[in-house]
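Just the heavy atoms: all of them, side chains too, but no hydrogens, waters or symmetry mates, feed the values below.
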Amino acid sequence: MSAPIFTTLGCRLNAYETEAMKRLADEAGVGDAVVINTCAVTAEAVRKARQEIRRLRRENPEARVIVTGCAAQIDPDSFAAMDEVDAVIGNTEKMSPDTWAGLSNGFIGDTEKVQVNDIMSVTETAGHLIDGFGTRSRAYVQVQNGCDHRCTFCIIPYGRGNSRSVPAGVVVDQVKRLVQKGFNEVVLTGVDLTSWGADLPGTPRLGDLVMRLLRLTDVPRLRISSIDSIEADDNLMLAIATEPRLMPHLHLSLQHGDDLILKRMKRRHLRDDAIAFAEEARKLRPGITFGADIIAGFPTETEAHFENSLKLVEDCHLTWLHVFPYSARPGTPAAKIPSRVDGKVIKDRAARLRAAGDAAVLRHLAAQQGAEHRILMESPDMGRTEQFTEVDFAAPQAEGSIVTATITGVSGNRLTA
């Protein structure tokens, strides 16, 4: 019996959950299977999922093909209808030992081909914590799942369910174990990270969790992934200002730079809110860098609207951009807006945003020449600064170690030391 083959599409959280599924499948004795963990963030992501399913079936004609993830959760019947697919399991079911035990016992049969329950009824997100997922230098800890907000372009709440949080004590215990295993950096992840705690007793905030982790563990570097800046609480800002072990890099879920488009997206912030947050964070922590998600070509977006997004790169001092050309996602309110932007225009605007991002990266790199940085080594010859900038080393270093080095130059989109 051969070990299952796992393929992950989409976000870091999906990759985290794939590691949990590998463990569950191994414990249940599942073999001769191909498992595709799908993404549903765009229509293109769903198309790629189907393409990957067909490819893996061709390459593994005798294996059982099991499809899970957000695309499978949202539209299970369409995946079950594919000739290549043997089973479809939901985002809750994929984390259940019982599911994998059932899959290990021969096969579940046509009547149980689809095992997908109502994700909105799920109220917990624990039980599959993984010690050490990531690289030998960096570990990822899922502290939150789901989202209570309903941005008009986004289908993810219907794949992930409502927001739910891992209790702080559970997170603290896991981070302590990771530190004992030698990890020098821990990254907190979630679907809507700044909503952490809203469903817990006393409704703590993300900043409370960050301060608690820094107080109760010896983790050398704590990093938080994508946040919604409008939900940044006082303790999070305090941690940014006073805690050197909290890394000075934040990825912001901005999505656009024009107030009218932000309202049509049903975002909770306006342009000035984003700028004010970035200014405050830079004042509290000089040298902090920002990444950001920005969508180009949302329905009704004019050139003037787009220019406001373009200017946001400079106004917020953004460095690392994730640019998404808008594509209509069936099932979302935005897909029903009739005033679509021409595809060529969307492509052009996305390219202009990426060019602005590339220029921002080059400015950031140039400003680091001669600076001294503490760099976490991801491999013997490449590490990352606290601001998440990649650094190439001329001489090999110990993987997983934190090295203090002076920046000597720039090579492409990386620093050299």
Original post:
Got M82 and R57 here, is their nearest side-chain heavy-atom distance under 4.5 Å?
Top reply: no
Subject >> Shortest non-hydrogen contact between P299 and R340, atoms and distance >> reply: CG-CD, 4.4 Å
Original post:
Of the non-hydrogen atoms in F277 and F290, which two are nearest, and what is the gap between them?
Top reply: CE2-CE2, 4.3 Å
**OP:** Search all heavy atoms of V410 against all heavy atoms of A366 and return the closest pair with its distance.
**Re:** CG2-N, 4.5 Å
**OP:** Decide salt bridge (Lys or Arg N to Asp or Glu O under 4.0 Å) for D259 and R264; before the verdict, give the C-alpha distance in whole Å, the side-chain angles of both, and the deciding distance to 0.1 Å.
**Re:** CA-CA 9 Å; D259 286 350; R264 287 173 178 165; over 6 Å; no
**OP:** Measure across G412 and L362 and return the closest heavy-atom pair with its distance rounded to 0.1 Å.
**Re:** O-CD2, 4.2 Å
**OP:** Evaluate the side chain to side chain contact (heavy atoms under 4.5 Å, CB included) criterion for residues I53 and V85: first the C-alpha distance (whole Å), next the side-chain angles of each, then the deciding distance (0.1 Å), finally the verdict.
**Re:** CA-CA 8 Å; I53 290 164; V85 175; 3.8 Å; yes
Original post:
To the nearest 0.5 Å, how far apart are SG in C151 and CD1 in I156?
Top reply: 11.0 Å
Original post:
Would you call L318 and L254 a side-chain contact if the rule is heavy atoms closer than 4.5 Å?
Top reply: yes
**OP:** Please check if any side-chain donor atom of S309 sits under 3.5 Å from a side-chain acceptor atom of H256, or the reverse.
**Re:** yes
Original post:
Would L238 and L236 count as a side chain to side chain contact (heavy atoms under 4.5 Å, CB included) if you check the C-alpha gap in whole Å, the side-chain angles of each, and the deciding distance to 0.1 Å?
Top reply: CA-CA 5 Å; L238 180 64; L236 183 58; over 6 Å; no
Subject >> NZ/NE/NH1/NH2 to OD/OE distance under 4.0 Å, R349 and E307 >> reply: no
Subject >> Under 3.5 Å donor-acceptor, T302 side chain and H305 backbone >> reply: yes
Original post:
Is there a donor-acceptor contact under 3.5 Å linking the side chains of E399 and S401?
Top reply: no
Original post:
Is the backbone of P220 close enough, under 3.5 Å, to the side chain of N184 for a donor and an acceptor to pair up by distance?
Top reply: no
Original post:
Is D233 reaching over with its side chain to a backbone N or O of G207, donor-acceptor style, under 3.5 angstrom?
Top reply: yes
**OP:** Could you label the plane-to-plane angle of the W100 and F6 rings as parallel, tilted or perpendicular, counting under 30° as parallel and over 60° as perpendicular?
**Re:** tilted
Original post:
If you measure only the distance, is there a donor-acceptor pair under 3.5 Å linking the side chains of H364 and Q387?
Top reply: no
Subject >> Residues E279, R282: salt bridge by 4.0 Å N-O rule >> reply: no
Subject >> Derivation of the side chain to side chain donor-acceptor pair (under 3.5 Å) call for R374 and T385 >> reply: CA-CA 6 Å; R374 285 170 51 78; T385 69; over 6 Å; no
Subject >> Basic-acidic side-chain contact under 4.0 Å: R352, E303 >> reply: yes
Original post:
Is there a side chain to side chain donor-acceptor pair (under 3.5 Å) between S229 and E231 once you walk through the steps?
Top reply: CA-CA 5 Å; S229 58; E231 288 191 331; over 6 Å; no
**OP:** Indicate the atoms forming the closest heavy-atom contact of L193 with S226, along with that distance.
**Re:** CB-O, 3.5 Å
**OP:** Salt-bridge test for E314 and K311: reply yes if a basic N is under 4.0 Å from a carboxylate O, no otherwise.
**Re:** no
Original post:
How many angstroms lie between atom CD of Q142 and atom CD of Q144, to the nearest 0.5 angstrom?
Top reply: 8.0 Å
**OP:** Evaluate the criterion side chain to side chain donor-acceptor pair (under 3.5 Å) for residue pair H373 and E386; output intermediate values, then yes/no.
**Re:** CA-CA 8 Å; H373 281 282; E386 294 182 339; over 6 Å; no
Subject >> Nearest-0.5 Å distance, CZ of residue F324 to CD1 of residue I295 >> reply: 7.5 Å
**OP:** Look at the side chain of E243 and the backbone N and O of A239, then say whether any donor-acceptor pair between them is shorter than 3.5 Å.
**Re:** no
**OP:** Could you tell me whether R245 and D218 make a salt bridge, using a distance below 4.0 angstrom between a side-chain N and a carboxylate O?
**Re:** no
**OP:** Say whether, by atom type as modelled, one donor and one acceptor occur between the side chain of R150 and the main chain of C147 under 3.5 angstrom.
**Re:** yes
Subject >> Residues R160 and D192 bridged, charged N to O under 4.0 Å >> reply: no
**OP:** Return yes if some donor-acceptor pair links the side-chain N/O of D381 with the main-chain N/O of D392 below 3.5 Å, else return no.
**Re:** no
**OP:** Applying salt bridge (Lys or Arg N to Asp or Glu O under 4.0 Å), run through D315 and R271 and close with a yes or a no.
**Re:** CA-CA 10 Å; D315 292 342; R271 173 191 180 81; 2.4 Å; yes
**OP:** Please assess M382 against V391 for the test side chain to side chain contact (heavy atoms under 4.5 Å, CB included), listing each intermediate value before the final yes or no.
**Re:** CA-CA 6 Å; M382 194 281 285; V391 184; over 6 Å; no
**OP:** Compare all side-chain heavy atoms of I224 with those of L250 and state whether any distance is below 4.5 angstrom.
**Re:** yes
**OP:** Answer yes or no: is there a side-chain heavy-atom contact under 4.5 Å between E52 and K48?
**Re:** no
**OP:** Indicate the atoms forming the closest heavy-atom contact of G10 with C39, along with that distance.
**Re:** CA-CB, 3.7 Å
Subject >> Any donor-acceptor N/O pair, T38 side chain to A71 backbone, under 3.5 Å >> reply: yes
Subject >> Atom pair CG (N235) and CZ (R212), whose distance is rounded to the nearest 0.5 Å >> reply: 12.5 Å
Original post:
Which residue, T68, T8, T18, T7, forms the side chain to side chain donor-acceptor pair (under 3.5 Å) with N37?
Top reply: T18
**OP:** Find out whether L56 and V65 are in side-chain contact, i.e. whether some heavy atom of one side chain is under 4.5 Å from a heavy atom of the other.
**Re:** no
**OP:** For the residue pair T416 and T408, confirm or rule out a side-chain donor-acceptor distance under 3.5 Å.
**Re:** yes
Original post:
Between D199 and R164, is the closest basic N to carboxylate O distance under 4.0 Å?
Top reply: no
**OP:** Verify side chain to side chain contact (heavy atoms under 4.5 Å, CB included) between V143 and S165, making sure each step is shown before the conclusion.
**Re:** CA-CA 6 Å; V143 303; S165 311; over 6 Å; no
Subject >> Test item: D208 side-chain N/O and R205 main-chain N/O as donor-acceptor pair under 3.5 Å >> reply: yes
Original post:
In terms of side-chain geometry, is the basic nitrogen of R138 or E185 positioned less than 4.0 Å from the acidic oxygen of its partner?
Top reply: yes
Subject >> Lys/Arg N to Asp/Glu carboxylate O, K344 vs D348, below 4.0 Å >> reply: no
**OP:** Flag the pair V141 / V187 as yes when at least one side-chain heavy-atom distance between them is below 4.5 Å, and no otherwise.
**Re:** no
**OP:** Calculate, to the nearest 0.5 Å, the distance between atoms CZ and CD1 belonging to R384 and I402 respectively.
**Re:** 14.5 Å
Original post:
Is any NZ, NE, NH1 or NH2 atom of the basic residue among E84 and R58 found under 4.0 Å from an Asp or Glu carboxylate oxygen of the other?
Top reply: no
Original post:
Are any of the side-chain nitrogens in D228 or R267 under 4.0 Å away from the carboxylate oxygens of its partner?
Top reply: yes
**OP:** Quick one: pull up OG1 in T194 and CG in L206 and give me the separation to the nearest 0.5 Å.
**Re:** 7.0 Å
Subject >> Any side-chain donor near an acceptor of the partner, R50 and S78, under 3.5 Å >> reply: yes
Original post:
S163 and S195: side-chain donor and acceptor closer than 3.5 Å?
Top reply: yes
**OP:** Decide whether D293 and H251 meet the rule of one side-chain donor and one side-chain acceptor closer than 3.5 Å.
**Re:** yes
**OP:** Give a yes or no on whether the backbone of L270 and the side-chain of D273 come within a donor-acceptor separation of less than 3.5 Å.
**Re:** yes
